[in-house]
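For reference, the structure is listed below as structure tokens.
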Amino acid sequence: MGFLDVILGRSKPVRPDLDQLFALPSAAVSLQAAAGFVPTGRGSVCFASVEGGAFARIQEEARSLLDGSVEFTQDAYGYTWLLVRHPPEDVAGLVNDLHAVNTSLEEAGFGPQLLCSLVGFREEQQRSLALVYLYKRGTFYPFAPLRASGEKRDNPLELQVRAMLGDDLTIEKDLTRWFPVWGAPGL
């Protein structure tokens, strides 16, 4: 970073560290012990849509990499979601698969299209929670939609989870970067 960058307030973007995903299994244990949230066994990767043959190649590689246990969908904003399912107790296997998908997309030159990955959780009262990894920031944040309330979030729960998992995960400090992922597969 140069002198002008410092004066103009520009900073170097954080390089993604996909290995941070491997902290999720221990965070899942902390989350269950502290708040009763258990993994759903579902996780997803979101990326900006890729056109034509490249997208078909990505789908085929993901299916072969994950033994066909993958599902692709597109959301209302045009982003592509890749959903992976595992038994709820196999958080480590789910994280391995999410890491493998992210890595293969990155190595194929689609790193700039990667947006986020998430792992879903649920608790006894059926509240949902996702731990979301922001690819371009290299950080996590909790997302807790309120059920049957339209597009509203459980902000107190999100802040509580931030406090609970601060030692387990690199939590995004800028709350304006805690983007809602309404209707995300895996949530």
Side-chain angles (χ1 to χ4, degrees), residues 1 5 9-24 27 39-86 91 93-121 128-145 150-153 158 162 169-187:
M1 190 159 64
D5 293 327
R10 292 183 282 207
S11 63
K12 270 188 169 174
V14 175
R15 290 205 31 91
D17 179 10
L18 290 173
D19 288 346
Q20 287 192 44
L21 291 171
F22 293 122
L24 281 168
T40 62
R42 300 181 325 165
S44 56
V45 175
C46 180
F47 54 96
S49 293
V50 179
E51 299 297 321
F55 183 65
R57 192 171 61 252
I58 289 171
Q59 284 183 308
E60 191 54 42
E61 283 179 24
R63 283 194 177 94
S64 65
L65 182 68
L66 304 177
D67 297 326
S69 64
V70 63
E71 182 181 315
F72 286 88
T73 59
Q74 263 199 326
D75 66 17
Y77 303 103
Y79 293 108
T80 300
W81 289 87
L82 181 145
L83 174 66
V84 179
R85 297 175 196 269
H86 272 260
V91 177
L94 177 63
V95 167
N96 282 338
D97 285 353
L98 294 174
H99 185 275
V101 168
N102 277 292
T103 301
S104 66
L105 286 166
E106 187 178 59
E107 288 173 354
F110 297 110
Q113 282 85 7
L114 283 168
L115 300 175
C116 68
S117 295
L118 66 84
V119 173
F121 295 84
S128 295
L129 174 73
L131 294 179
V132 182
Y133 176 74
L134 289 171
Y135 180 81
K136 289 177 177 50
R137 304 277 297 174
T139 56
F140 290 89
Y141 69 91
F143 174 67
E151 290 187 348
K152 292 186 181 177
R153 298 168 78 161
E158 291 176 355
R162 173 182 70 175
L169 301 173
T170 304
I171 302 292
E172 175 59 48
K173 291 177 179 24
D174 183 355
L175 298 182
T176 64
R177 302 259 184 198
W178 290 22
F179 304 112
V181 285
W182 305 116
L187 186 59

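Position 1 is the first residue of the sequence; numbering continues from there.
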Notebook entry, point to check: What distance separates Asp19 CG from Asn102 CG, expressed to the nearest 0.5 Å?
Noted result: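 Answer for the CG-CG pair, Asp19 versus Asn102, is 11.0 Å.
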Item checked: Atom pair CG (Asp17) and OG1 (Thr139), whose distance is rounded to the nearest 0.5 Å ->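 Nearest 0.5 Å value for the CG-OG1 distance: 11.5 Å.
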Report yes if the side chains of [X] and [Y] come closer than 4.5 Å at any heavy-atom pair, otherwise no.
X: Leu82; Y: Thr80; answer: no
X: Leu83; Y: Thr73; answer: no
X: Trp81; Y: Cys116; answer: yes
X: Phe143; Y: Glu158; answer: yes
X: Leu105; Y: Phe47; answer: yes
X: Leu169; Y: Tyr133; answer: no

Show the nearest heavy-atom pair for residues [X] and [Y], with the distance to one decimal.
X: Val95; Y: Leu21; result: CG1-O, 3.1 Å
X: Leu94; Y: Gly41; result: CD2-C, 4.0 Å
X: Leu65; Y: Ala100; result: CD2-CB, 3.7 Å
X: Gly43; Y: Leu98; result: C-CD2, 3.9 Å
X: Pro39; Y: Val91; result: CG-CG2, 3.3 Å

For residues 174-187, dump all side-chain donor-acceptor pairs below 3.5 Å to protein atoms at least two apart in sequence or in another chain.
residue, atom, partner, partner atom, Å
Asp174, OD1, Thr176, N, 3.0
Asp174, OD1, Thr176, OG1, 2.5
Asp174, OD2, Thr176, OG1, 3.1
Trp178, NE1, Glu172, O, 3.0

Next item on the list: Give a yes or no on this: more than 12 heavy atoms of other residues, nucleotides or ligands lie within 6.0 Å of atom OH of Tyr79.
Entry: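 12 or below, so no.
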Margin query: Quick one: does any side-chain atom of Lys136 pair with a main-chain N or O of Leu114 as donor and acceptor, under 3.5 Å?
Written below: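 Yes.
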